Amino acid sequence: MDRRDFLKFLGISSGTAMISSCGVDKANEKIIPYLIPPEQDVYPGKPVFYNTTCTECPANCGLSARVNEKVYDEVRGLFPTKAEGVKGHPINNGALCPRGQASLFRLYHPKRIQRPMMRDNDGNFRVATWQEAYAYVTTELQAAKEEKKDNLYFSGRTTGTLAGLIGRFCEEMGIERLPEFEIFSHANLRKANEIVFNQPEVPHYHIKDADFLLTIGADILETFVSPVSNAAQYGEAVKNENFTWYHLEPNLSMTGLKATTRLAVNPHSEIYFLAYLLHALSRSDIRKRRPSWAIMNMVPDPSAEEVSQKTGISAENLEHLVSAFFIAKRPLIITGGVSTAQPGGLEAALLTALIQAAMGMNDTVVDFAHSQNYEKVGSMLDVQELLERLRNKAVGVIFISRSNPVDDISANFNFVEELKNARLRVGMSDFMSASMQECDVVLPLSHSLESWGDAAPRKGIRNVIQPAIEPQYDTRTEGDVLLEIMRTASGQKQGPDYNQYLIEQWHSLYGESETVSLIENGYIEEPVSPLSIAVDTRSVESYLKNTDFSREVAAQPVLIITPSIRTYDGRSKVLPLLNEIPDPLTTVTYGEWVSVSAVAAKKMGLKDRDEIQISVENENLNYPVKVQNVLPENVYMVQRGLIYAIKTDIDSRSGEASWYLDNISATKTGAVIPLPILSGSMHEEGRGILSSHESVVEHSEHYNEKLKEEVDVEEERIYPKHPHKNYRWGMTINQDSCINCAACVAACYVENNIPVVGQKEQLQGREMSWIRIEPFVRDDRDIEFTLMLCQQCDNAPCEPVCPVYATYHNPEGLNVQVYNRCVGTRYCSNNCPYKVRRFNWFDHRLPKPWDKMYNPALSVRGRGIMEKCTFCVQRIRAAEDMAKDEDRLVRDGEVVTACQETCPTKAITFGNLMDDSSRVSQIARSDEAYRVLEELGTEPAIHYLRKKERKSEA
Amino acid sequence: MRSIDYNEQLEHEVLAALRKPNPWYWVALVICALLFGMGLTLWIYQMLKGMGVAGLNNPVGWGVYITDFVFWVGIAHSGTLISAVLFLFRAKFRNAFNRSAEAMTIFAVMTAGLFPLIHLGRSWFFYWLFPYPNQREIWVNFKSPLIWDVFSLGWVGSLRQWWHYNRLYIFLAAFATPLVISVHSVVSWDFAMSIIPGWHTTIFAPYFVAGAIFSGTAMVLTLVIPMRKIFRLEQYITLNHFEKISQVLLFTSLIVTYSYIVEFALAFYGDHQFEAAHFTYRLLGDYQPFYITMLICNSLIPLTLFFRKLRRSIVYLFILSIFVNIGMWLERFVIIVTSLAKDFDPYSWGLYTPTMVEVGITVGSFAMFFMFFLIFAKVLPVLSITELKEEASE
Amino acid sequence: MNKLQLKPVMLGIAAIVIGAVIVLIQNILIPESGGTFLLTLTFWVALIQGAVAVVAAADASAAKWITPLKRELLSFYPLILFIAILFLFLGLQMDVYPWIDKQNKWLNVPFFLVRNFLAMLVLYIVAHFYAKATLANSEGKGRWAIAYLFIYVTVQSLVAFDWVMSLAYPWVSTLFGGIFFMEAFYTGLVIAALIAAYYLRKEVEDPVSMSKVLRDTAVFTFGFALAWAGLFYAQFLVIWYGNIPEETSYLVIRMHHSPYMEIFYVSVFFLFILPFVGLIGRKAKISPNWVTLVAFIVLAGIVLERILFILPDASINPIAAVAEFILMGFLFLLFFASRDQFIKALEMSK
Amino acid sequence: MNEQLLFDDKNKFLQKLEELVKSGVSPRNIAVSTPYPVHEVEHILKTPPSPLRFFTLLGALFGLLFGAWFTSWTSINWPLIGGGKPIISVPAFVIVAFELTVLFGGVISFLGFLFLTRLPSVKSIISPEEYGNRFVIQIHSEEKK
């Protein structure tokens with residue numbers, strides 16, 4: 001529809017009318033919801049934002065979708081072109097993780113299921129109509145009942161209204177609702193909390209309030225429960241001068257590398273340390289509430305020597321740690337991830353809970369009142385039970401919704417085979433996942449950006465899910481599907497659709513006005529009743545009675561299947577962007593690999609990309625190697641989601657799936673497998689890039705005094721200094737708070753239409769990222785990261801060499817690239833010491849319909865053109881135009897670059913260096929400030945803040 | 001009377017070369033033409049697909065194409081020098097090589113001129129490199145070494161055909177000498193103007209000029225020796241001529257070697273970690289074989305020319321000239337690629353391997369060069385008759 | 001001038017005396033200003049080695065134009081040894097070098113002195129045999145000429161990189177060596193021109209061939225003025241364009257700050273513009289007086305340039321500098337004047 | 001009537017030429033044609049230095065000035081900062097100016113040459129053929145006393 005109609009339509013639109021109209025009702029398919037009267041809001045070409053919820057992982061961050069009006073396929077329409085975090089959202093406060101940034105690639109994914117599918121007589125999928133599907137399913141449900149078989153509802157974690165609806169659905173249809181399935185179910189954690197506090201919950205950790213953080217295995221900055229929230233809080237916490245963070249882990253994680261002190265522990269040995277800590281605690285006088293003697297007596301009391309011998313933590317480090325823990329005012333201890341997903345995981349979690357109780361953390365930093373909504377989530381025990389029932393042919397119709405058990409459940413349970421025993425398998429999903437392949441009826445679900453709904457990630461928070469684009473295919477929301485099936489079953493023609501159902505719910509919960517604000521803000525905070533958390537001594541004792549702590553440390557070497565910041569548990573693997581972006585730690589992009597410690601690699605004579613065979617019992621797995629410094633010698637790492645083929649056990653008590661393969665053997669096969677590893681070298685060789693390097697320190701000091709005492713640069717330099725007009729755009733990157741999560745990288749890709757080139761090109765060394773994370777090994781004990789992007793040099797070596805002025809220094813200090821003028825000599829890139837320029841070796845267009853998400857604010861570069869970061873010049877221009885209209889200069893903080901906007905820890909500051917009062921220029925003047933390769937005299941506009949030196953080394 | 005006979009005989013024989021048609025000649029010509037065609041096809045393919053069909057990548061933005069460019073420019077200038085410089089120095093042996101050298105120059109310039117276009121990401125906009133008046137008043141960036149190229153290279157070939165007007169010679173020669181030096185200095189500055197270790201060094205200008213004469217002289221030998229045989233010009237292109245030219249070869253080889261030593265040694269002179277790291281890489285790194293070969297071809301083998309015997313052995317000179325051609329091509333390759341492969345930021349290091357497209361286009365360029373030269377050999381007297389008369393009469 | 005003729009022995013003694021005086025001045029009167037000594041050394045080392053190099057180059061390229069001046073130019077070759085020995089006394093003033101307190105494998109006092117002294121010693125020996133060969137016009141002169149040029153280039157490069165460039169350690173310019181041996185040759189030519197002009201005015205030798213020589217030397221001087229400009233520019237442009245502070249600092253102080261700035265411009269004027277413009281005309285090249293004038297200006301230019309190289313990094317004592325210059329100049333003339341004496345001796349010696 | 005002398009040997013030709021000049025025939029009335037340039041002729045006939053040099057000088061100067069002006073003008077015309085270099089970067093422009101100096105120097109001297117020798121003209125092109133490889137002296141007799 002053309003713009004006039006569009007605006008006319010907006011004129012008559014109003015909140016609730018909108019909502020009802022944006023569902024199945026085909027008449028107003030094109031309707032886009034507005035809540036505020038649109039006339040004031042919508043200007044042609046100016047994007048609008050809808051606050052909704054990110055459904056890429058269970059954390060359910062607030063997601064604000066930027067919708068641009070643009071012409072696609074000769075049709076003017078509104079398309080979500082960028083995902084941002086919802087400002088001030090209690091979980092992610094404006095930030096997103098790389099997965100959230102990439103979620104648009106799911107919305108527009110060409111492989112999405114576009115219409116209902118059913119098996120034909122030969123068992124192949126055929127397109128079906130919804131009515132057909134509904135009728136079939138209802139009859140099958142009926143038939144199954146008659147066969148005395150149980151109909152089951154198996155879904156991923158579900159919260160909010162939908163959870164309720166599913167309940168109602170199951171009741172009415174006589175379906176048994178199974179515990180929800182998440183492979184990262186935190187079963188041990190919840191089990192332990194149940195034993196200790198009668199709270200089978202994943203609590204909410206107030207990291208930002210802690211002055212001492214002790215994390216054991218929990219990769220809080222990557223995937224643990226609610227990573228963005230954790231990261232955001234970490235960003236707050238590090239502002240506190242004496243914030244200390246110890247991280248214990250058997251493997252190597254980016255989280256660990258961010259900790260003040262990272263201590264490697266032998267696999268499965270965490271409990272010794274925790275027991276030691278607990279006793280040390282109860283002996284000392286700082287504890288708030290000592291656990292009962294009975295408990296203390298049942299917990300083994302290892303000596304410091306024993307502990308350091310078992311765990312491999314040196315006695316002195318142990319000493320440091322414990323004393324630091326004790327002097328802390330608000331300590332916080334979190335155990336999770338690799339340390340709970342192991343045979344001794346339950347004990348570890350339990351001891352942790354006891355320590356938390358003893359230190360009185362439950363009143364402050366460990367918050368059960370706002371615990372994450374995991375109560376409906378089951379564990380592998382439930383899966384086992386399900387398998388049992390399938391085996392006994394006791395299952396009729398089984399609904400599999402929003403989950404991919406076939407891939408997630410370790411192969412040794414052969415879920416696939418057992419699933420065949422059900423009478424009918426009804427799948428609900430947006431993708432033809434392995435699980436959907438096993439179903440008879442596949443009902444396509446709308447993406448969360450196409451549908452209405454809500455979510456309650458943790459107690460006290462309700463997120464709205466609202467459409468930013470009308471459904472692109474013949475898909476439904478799960479809510480609508482359930483309602484329809486119920487209606488079909490009950491034979492009634494008309495009934496409320498899910499939207500109306502939602503509104504009723506919301507109205508009954510919050511009332512009219514609150515509902516509107518819920519939709520406007522994207523979330524609402526509900527009051528929660530405070531809980532008094534106390535140790536249930538009896539249950540703890542009864543548990544401890546039949547527990548054997550004398551668990552042996554894992555037989556090494558071990559293989560650890562870690563979650564991945566790029567794919568979570570594997571569900572985001574389908575998003576090409578997340579394959580294109582390197583894994584920050586290894587810089588590997590496409591493909592599967594196993595990380596082998598440098599030491600082991602040396603012994604086996606392994607180089608990157610050499611293939612090794614990992615054998616355990618009679619299982620063999622072959623993968624290319626990525627040599628990983630700092631990783632303990634006998635630990636091998638693979639990432640879940642990249643690799644499914646690994647068979648792991650479960651904890652029979654809690655149902656936690658183990659992440660370990662103990663006692664493996666690794667041998668070099670001699671083959672070499674092409675694996676795109678983007679880092680040319682992990683060793684910085686003191687080149688003045690790492691903040692820890694002396695020359696950097698030196699230079700930064702020189703630079704700072706230059707700034708402070710206004711040393712006359714003319715005296716030193718051969719060129720006269722050139723003037724800037726009003727603005728000298730600059731950036732600071734705080735390496736202390738930067739967690740290298742690569743969210744900025746993903747954001748940059750989406751904002752700037754950066755091509756996704758794929759594996760073949762990357763193997764050639766032709767990645768296109770404008771901003772990248774560079775890991776560098778620092779004296780083999782630590783890995784430091786640097787964020788590298790165009791430094792917008794004042795004396796940029798790339799500029800003068802361009803024969804056609806395609807790149808030059810604009811009056812605002814930007815090193816701009818004129819795409820239309822570029823002839824592609826590539827001299828600029830050759831001459832860039834930071835190598836941040838990217839050349840289009842081919843025409844890289846996103847295949848349809850991915851190209852719907854192109855940002856209309858800037859062009860898509862064709863072949864033979866050099867491109868690069870320009871500090872999101874389109875955003876700068878927008879701000880400047882607005883300022884111009886209001887006849888003023890751009891205010892500090894008015895321009896927000898894509899990388900800055902999405903940064904969970906707010907490590908990036910952007911602004912005008914010419915304005916001394918701006919935050920960026922103040923930070924740039926701080927003593928930590930330094931610039932990369934200062935000695936080249938390129939006068940970069942990006943200032944890095946030196947990482948604070950670590951107090952003690954592991 | 002002697003002089004008359006000589007002159008007539010001279011004319012007769014030299015011009016005879018123009019008439020004799022020889023089957024092998026045609027075979028050679030056809031092969032060259034075909035290969036040349038292949039090169040063009042590949043170029044078109046590259047334009048349609050994108051630069052990516054070449055092996056270039058992120059750190060290594062320049063490779064074989066620029067190598068070829070510098071190589072051919074080098075050869076072009078030797079021609080100019082042989083006719084101009086030697087004229088200024090009244091070096092009579094020049095005459096024997098003059099025509100071939102001049103022809104070579106024209107063809108080499110034509111070939112060289114193609115590569116800056118071939119290596120452009122958007123060849124079809126090549127004309128943006130020229131400062132033509134346009135209504136948007138966008139001019140070129142005269143600060144860019146690549147533009148200096150345009151200016152210095154644009155017309156080098158054009159003066160040639162005038163040069164047999166002997167009276168003008170002195171003037172043109174007087175211009176040609178600084179011209180050649182300046183042009184090749186400019187080519188060297190395509191690299192030296194950058195700040196990349198291995199490129200950014202002050203000695204580059206004289207170093208490249210010497211290199212140009214070196215490789216060009218070698219190419220002259222490569223061409224003249226067979227030609228002398230085929231057209232039976234032994235009487236006019238004598239061993240003395242060859243001895244002289246091979247002395248030039250030796251001399252320039254020594255200058256080039258001096259530059260190798262200096263640039264390498266000074267990398268370790270101060271505490272310049274980037275320079276030091278780079279030259280260590282050049283010597284021990286991934287491209288070591290090329291570097292070593294280059295040293296052998298350009299520095300070691302030519303030393304044998306200290307022996308008069310070898311200076312006067314046509315066969316030996318021919319083989320040597322081939323080695324030098326290879327060596328000088330490799331020199332440019334090593335300078336360009338190793339410097340880019342590992343520069344300041346270790347994260348962005350990467351290697352470069354040429355693709356068949358690049359190889360094909362390079363072969364095509366050689367084919368083009370030889371094709372034109374073959375045609376020349378049939379169409380024009382290969383020796384400058386007037387000049388030989390002049391020489392003989394003294 | 002003929003009164004000055006001395007026997008080789010006397011020459012030797014004169015040399016020793018003068019050398020001793022210079023060393024005394026340096027180490028007793030102005031021990032702190034090593035720059036002065038360095039100035040003297042760097043200037044005369046160019047003059048003397050360059051003069052011989054000109055002849056050698058002509059021989060190596062089988063050119064005949066210089067023949068009439070062979071004896072004259074070769075008469076300075078013993079001074080190569082003199083400079084070599086004099087250089088050893090720089091060892092007493094090594095503190096002019098900034099690297100003195102952080103010496104490395106290449107830059108350390110003993111090696112510094114040894115390698116330079118040895119190089120010059122070898123150069124002297126070769127020069128000796130070359131002089132013999134070429135005066136006797138024997139077969140081997142060409143080979144000796146080439147040998148001389150080889151070592152000459154090495155020595156001048158060392159002068160550039162060791163004596164002068166390391167004053168600004170760790171500043172580095174790979175072209176520095178080239179500039180130096182080119183300038184030395186330039187100086188040699190100018191000397192040749194001076195001598196030719198001198199003869200023409202005195203009408204000693206036959207004027208026809210002399211005027212030819214004068215014209216050729218003038219032409220070459222003209223050419224080298226261009227070459228000098230070229231090399232200077234090649235070095236300047238690269239550093240200016242690269243704009244790496246560590247490199248530019250060297251130029252900035254010499255080109256943007258008084259008094260070096262003035263010295264710089266004057267020396268460019270003396271070494272390039274004046275000889276270029278001055279010798280472009282046909283008549284100019286054959287007028288003895290004019291050529292003499294230009295030649296002296298070029299020499300002055302070289303001196304100024306050496307000062308420019310040294311002064312910002314090491315102090316120069318003007319009085320001492322002048323004194324040393326006069327002494328060396330005198331010695332220089334002595335050798336020139338008494339050339340017949342020891343060239344005869346040379347031809348005797350078997 | 002024009003007197004015409006043909007020689008096969010260069011030296012004879014030169015001798016005769018010298019005699020003629022000595023005998024007072026003004027060089028203006030003598031025209032020589034040789035199969036290749038004989039530099040001695042210039043000495044004997046005392047031909048003044050060719051005015052070509054002035055063309056060369058002119059061309060060179062023009063090239064220099066044009067180069068300097070053009071580079072500067074285009075840069076000021078749309079001033080763009082590149083790498084912090086001054087808008088008018090003399091060191092960089094010198095190169096272009098130099099190249100243009102050489103270019104115009106060369107071209108103008110060639111044009112000058114054509115102008116002076118009245119080339120290309122049919123006569124001058126065919127004349128060598130008339131005498132083959134012989135040396136020719138022509139004396140315009142009507143000027144002769």
Side-chain angles (χ1 to χ4, degrees), chain A residues 587 678-689 695 761 764-768 772-776 786 788 797 799-806 808 821-843 862-866 932-933 936-938, chain B residues 47-62 66 116 119-129 138-150 190-191 193-197 199-200 273-274 277 336 339-353:
Chain A
T587 75
L678 296 198
S679 169
S681 163
M682 294 288 255
H683 299 274
E684 181 255 13
E685 297 168 355
R687 284 161 174 264
I689 298 166
S695 82
E761 286 299 287
Q764 281 252 36
R766 292 170 178 173
E767 74 271 22
M768 297 297 286
R772 60 178 188 254
I773 293 161
E774 301 185 343
F776 288 116
T786 304
M788 184 55 72
E799 289 162 356
V801 297
C802 177
V804 294
Y805 279 124
Y808 72 99
R821 178 69 169 167
C822 179
V823 291
T825 66
R826 301 185 295 290
Y827 197 166
C828 51
S829 168
N830 291 350
N831 204 23
C832 171
Y834 309 94
K835 285 285 171 288
V836 288
R837 292 177 150 265
R838 297 293 185 236
F839 187 71
N840 286 275
W841 300 100
F842 295 105
D843 278 316
R863 68 179 188 278
I865 293 175
M866 190 64 69
V932 173
L933 299 177
L936 293 181
T938 52
Chain B
M47 275 197 264
L48 296 178
K49 282 283 287 175
M51 234 15 223
V53 297
L56 301 163
N57 58 19
N58 243 335
V60 188
W62 289 355
I66 300 295
H119 108 289
L120 282 187
R122 302 207 287 176
S123 307
W124 51 95
F125 286 134
F126 73 95
Y127 58 90
W128 287 357
L129 292 170
I138 305 172
W139 294 100
V140 296
N141 178 5
F142 285 108
K143 302 184 192 80
S144 165
L146 302 180
I147 282 300
W148 307 341
D149 274 341
V150 174
D190 286 349
F191 307 104
M193 290 304 118
S194 79
I195 61 170
I196 302 299
W199 281 14
H200 179 71
Q273 59 161 333
F274 294 123
I336 292 169
S339 310
L340 291 174
K342 287 197 170 192
D343 66 346
F344 297 96
D345 179 356
Y347 181 95
S348 62
W349 288 353
L351 295 183
Y352 160 73
T353 10

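Hydrogens, waters and symmetry mates play no part in the numbers below; they use all other heavy atoms, side chains included. Every chain is numbered from 1, with letters handed out A, B, ... down the list of sequences. Please read these numbers as outputs of a predicted model, since none were measured by experiment.
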Side-chain touch [X]/[Y], heavy atoms, less than 4.5 angstrom:
X       : Y       : value
V140(B) : P803(A) : no
Y805(A) : I138(B) : no
N58(B)  : K835(A) : no
Y347(B) : M788(A) : no
N141(B) : Y808(A) : no
W199(B) : N830(A) : yes

Among the listed options [options], the residue most often paired with chain A at heavy-atom distances under 4.5 Å:
options                           : answer
V60(B), L351(B), D343(B)          : D343(B)
F126(B), W139(B), W349(B)         : W349(B)
S144(B), S194(B), G50(B), A341(B) : S144(B)
T353(B), I196(B), L56(B)          : L56(B)

Looking at [X] and [Y], what are the two nearest heavy atoms and their distance?
X       : Y       : answer
Q273(B) : R687(A) : NE2-CA, 3.6 Å
I689(A) : F344(B) : CD1-O, 4.1 Å
F842(A) : V53(B)  : CZ-N, 3.7 Å

Exercise. Quick one: what part of Y127(B) sits under 4.5 Å from any heavy atom of chain A, side chain, backbone, both or neither?
Worked result: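 Contact with chain A: none, neither part.
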Exercise. Which answer fits F274(B), side chain, backbone, both or neither, if we ask what part of it has an atom under 4.5 Å from a heavy atom of chain A?
Worked result: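 It is the side chain, since no backbone atom gets that close.
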Problem set entry | salt bridge (Lys or Arg N to Asp or Glu O under 4.0 Å) partners of D345(B), counting only residues at least two apart |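 Once residues adjacent in sequence are excluded, the partners of D345(B) under the salt bridge (Lys or Arg N to Asp or Glu O under 4.0 Å) criterion are R772(A).
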Of the listed residues ([options]), which shares the most heavy-atom pairs with chain B below a 4.5 Å separation?
options                            : result
R821(A), R837(A), H683(A), R838(A) : R821(A)
C832(A), S829(A), A806(A), C802(A) : C802(A)
L678(A), T587(A), T786(A), D843(A) : L678(A)
V823(A), V801(A), V836(A)          : V823(A)
I865(A), T938(A), N840(A)          : I865(A)

Exercise. So what's closer than 4.5 Å to chain B heavy atoms on E761(A): side chain, backbone, both or neither?
Worked result: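 No part of E761(A) comes within 4.5 Å of chain B.
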Problem set entry | Part of P797(A) within contact of chain B (heavy atom distance under 4.5 Å) |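 For P797(A), the contact with chain B is made by the side chain alone.
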Problem set entry | Any donor-acceptor N/O pair, R863(A) side chain to M51(B) backbone, under 3.5 Å |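 Side chain of R863(A) to backbone of M51(B): no pair is present.
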Problem set entry | Expected output: side-chain R826(A) to main-chain H119(B) donor-acceptor under 3.5 Å |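 Such a contact is found between R826(A) side chain and H119(B) backbone.
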For this session: Quick one: list whatever passes side-chain hydrogen bond (donor to acceptor under 3.5 Å, both in side chains) with Y827(A), sequence neighbours left out.
Result: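 For Y827(A) there are no side-chain hydrogen bond (donor to acceptor under 3.5 Å, both in side chains) partners, ignoring immediate neighbours.
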For this session: Might you work through the side chain to side chain contact (heavy atoms under 4.5 Å, CB included) test for T825(A) and L120(B), ending with a clear yes or no?
Result: CA-CA 5 Å; T825(A) 66; L120(B) 282 187; 3.5 Å; yes
